[in-house]
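Take a look at the structure set out below.
Proteins get letters first, then strands, A, B, ... in listed order; numbering begins at 1 in each.
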Number of protein chains: 2
Amino acid sequence: MPITLLIAEDQRLFRQSLRLLLDHEPDLSVIGEATDGREAFDCAMKLKPDLILMDVDMPKLDGVMATKLIRTCLPEMKVLMLSVHDEDTRIIAAVQAGAVGYILKDADHTEFLRIIRATYRGQTVLSPFMPDRFARGAVAAITHAQKVEESRLSGLTEREKEILAYAAAGRGNKDIADQLCVSVDTVKTHLHHIYQKLAVTGRVEAILAYLQES
Amino acid sequence: MPITLLIAEDQRLFRQSLRLLLDHEPDLSVIGEATDGREAFDCAMKLKPDLILMDVDMPKLDGVMATKLIRTCLPEMKVLMLSVHDEDTRIIAAVQAGAVGYILKDADHTEFLRIIRATYRGQTVLSPFMPDRFARGAVAAITHAQKVEESRLSGLTEREKEILAYAAAGRGNKDIADQLCVSVDTVKTHLHHIYQKLAVTGRVEAILAYLQES
DNA sequence: CCCTGCCTCACCCATTCGGTGTAGTCAGAT
DNA sequence: ATCTGACTACACCGAATGGGTGAGGCAGGG
């Protein structure tokens, strides 16, 4: 069975040509496309691809935030960041958020495919086009991110973390309820528990805590 | 007149001894202390010190977030970050958020004082105890942060940015109104304008936009 | 078997929030 | 002198949110 991929990229042309390139490979299968961070989150939750190709620059939620949300609910999900700028400091933040690698958009396509397959096999790949000082900063970020696991979020159940991630994506209770196919009251109950566990007074504070502790 | 300082540090003992050290210097004057990020934000707005010594690790809002909020309202405010860990990747994020320098907590106290004065004079100081690869990453972050000025927040008035910063700090409308000594309705009006300008549907989305675009 | 934790749903009530409209003041620009 | 934009404030309404309480189903461990 082929490697299933999700493409999250807001530029239509680039996204589509990327899909063409990837679908051309027999061992790769693009099972979904998202045009913004929120969609990326939704699709990831529903499709559970093997690997996500995530652009850094996207509307609504940027790639870093989306990665953070996805990894909260699916800690094993592999996210490969795409960036145009070779000095985008957000890629370091992205790696901290759980991305397992990144590629510059001007990478060679064979190199690109190689990195995708290597990432799928579990390797953490740094694009060879990345400036040295950035690579080192990113490596430090990776090792740093690895050892961090004891956060306030640990006390939350899986379901609660999921609800919180949706809330942090900017969705209302009704919205979350529809997405998860439960009643609004259930969402409220979960949030109520979350507020208690995080010792916060409301929605915004909980989201802030989430963004900091992840 | 002495350099006015604000100390934002949650550990009481460290904060107080720091204050002793600083008050001992005739040209330095600690005019306020904060024990968490939110307090730091409030104090900065009210006291407008020459320089803020901001710990990275703090409850409610961490130093990075607090710096971001403060710099939104007071773009010229000088913030000096303090960190225990010499490999804390958040200091890079802090620099991006507007911090003009950082010091490791195990720095020598004469070195510490030297950095404070140098920072006050407008220099961007990197602690000599900082590992090389981090210093370079931070320098890159600084140059990167400098050239970024065109964000969606530009369209907001000063007052609106201020209101949004308070909201992003997790405060409710009533709370914001009290802090700024205006009515709740005024706060709501501002927020309404903010939602329109940012093209978002509500509070949480506006805060997310703010956190991304700053 | 029983207890516990988790997920689910419901109901009530007070508060807050969002949307809309109206309007006064003030400063700066034309 | 007029206009524009910013800041302020108020009113009204519907929707959303938060807090509290209670409760049923269900799986896993003791």
Show the nearest heavy-atom pair for residues [X] and [Y], with the distance to one decimal.
X	Y	value
Val204(B)	Ala167(A)	CG1-O, 3.8 Å
Tyr120(A)	Lys78(A)	O-CE, 3.5 Å
Leu211(A)	Met65(A)	CD2-SD, 3.4 Å
Leu208(B)	Ala168(A)	CD1-O, 3.1 Å

Between Arg38(A) and Asp175(A), does at least one N-O distance fall below 4.0 Å, as a salt bridge requires? no
Checking Ala40(A) now: which residues fulfil side-chain contact (heavy atoms from CB on, under 4.5 Å) with it, not counting sequence neighbours? Ala8(A), Ala34(A), Met54(A)
Tell me, please, which residues at least two apart from Glu33(B) pass side chain to side chain donor-acceptor pair (under 3.5 Å). Arg15(B), Arg19(B)
Whether [X] side chain and [Y] backbone form a donor-acceptor pair below 3.5 Å:
X	Y	value
Glu25(B)	Asp27(B)	no
Gln179(A)	Ile176(A)	no
Arg71(B)	Glu76(B)	no
Thr186(B)	Val182(B)	no
Thr4(A)	Asp50(A)	yes

Quick one: how far along DNA chain C does chain B reach, first to last nucleotide 5' to 3', anything under 4.0 Å to a heavy atom? dC17(C) to dT20(C)
Could you give the start and end, 5' to 3', of the contact zone on DNA chain D for chain A, using atoms under 4.0 Å from its heavy atoms? dT17(D) to dG20(D)
Which of these passes side chain to side chain contact (heavy atoms under 4.5 Å, CB included) with Leu5(B): Leu18(B), Asp23(B), Leu51(B)? Leu51(B)
Find which nucleotide of DNA chain C each of Arg203(B) and His193(A) is nearest to by heavy atoms, and output the residue with the more 5' nucleotide. His193(A)
For DNA chain C, determine which residues of residues 170-192 of chain B have any heavy atom closer than 4.0 angstrom to one of its atoms, and list them numerically. Gly172(B), Asn173(B), Lys188(B), His192(B)
Along DNA chain D (nearest heavy atom to each residue), the more 5'-positioned of Tyr195(A) and Arg159(B): Arg159(B)
In degrees rounded to 10°, what angle is found between the helical axes fit to the five outermost pairs at each end of the helix from dC1(C)-dG30(D) to dT30(C)-dA1(D)? 40°
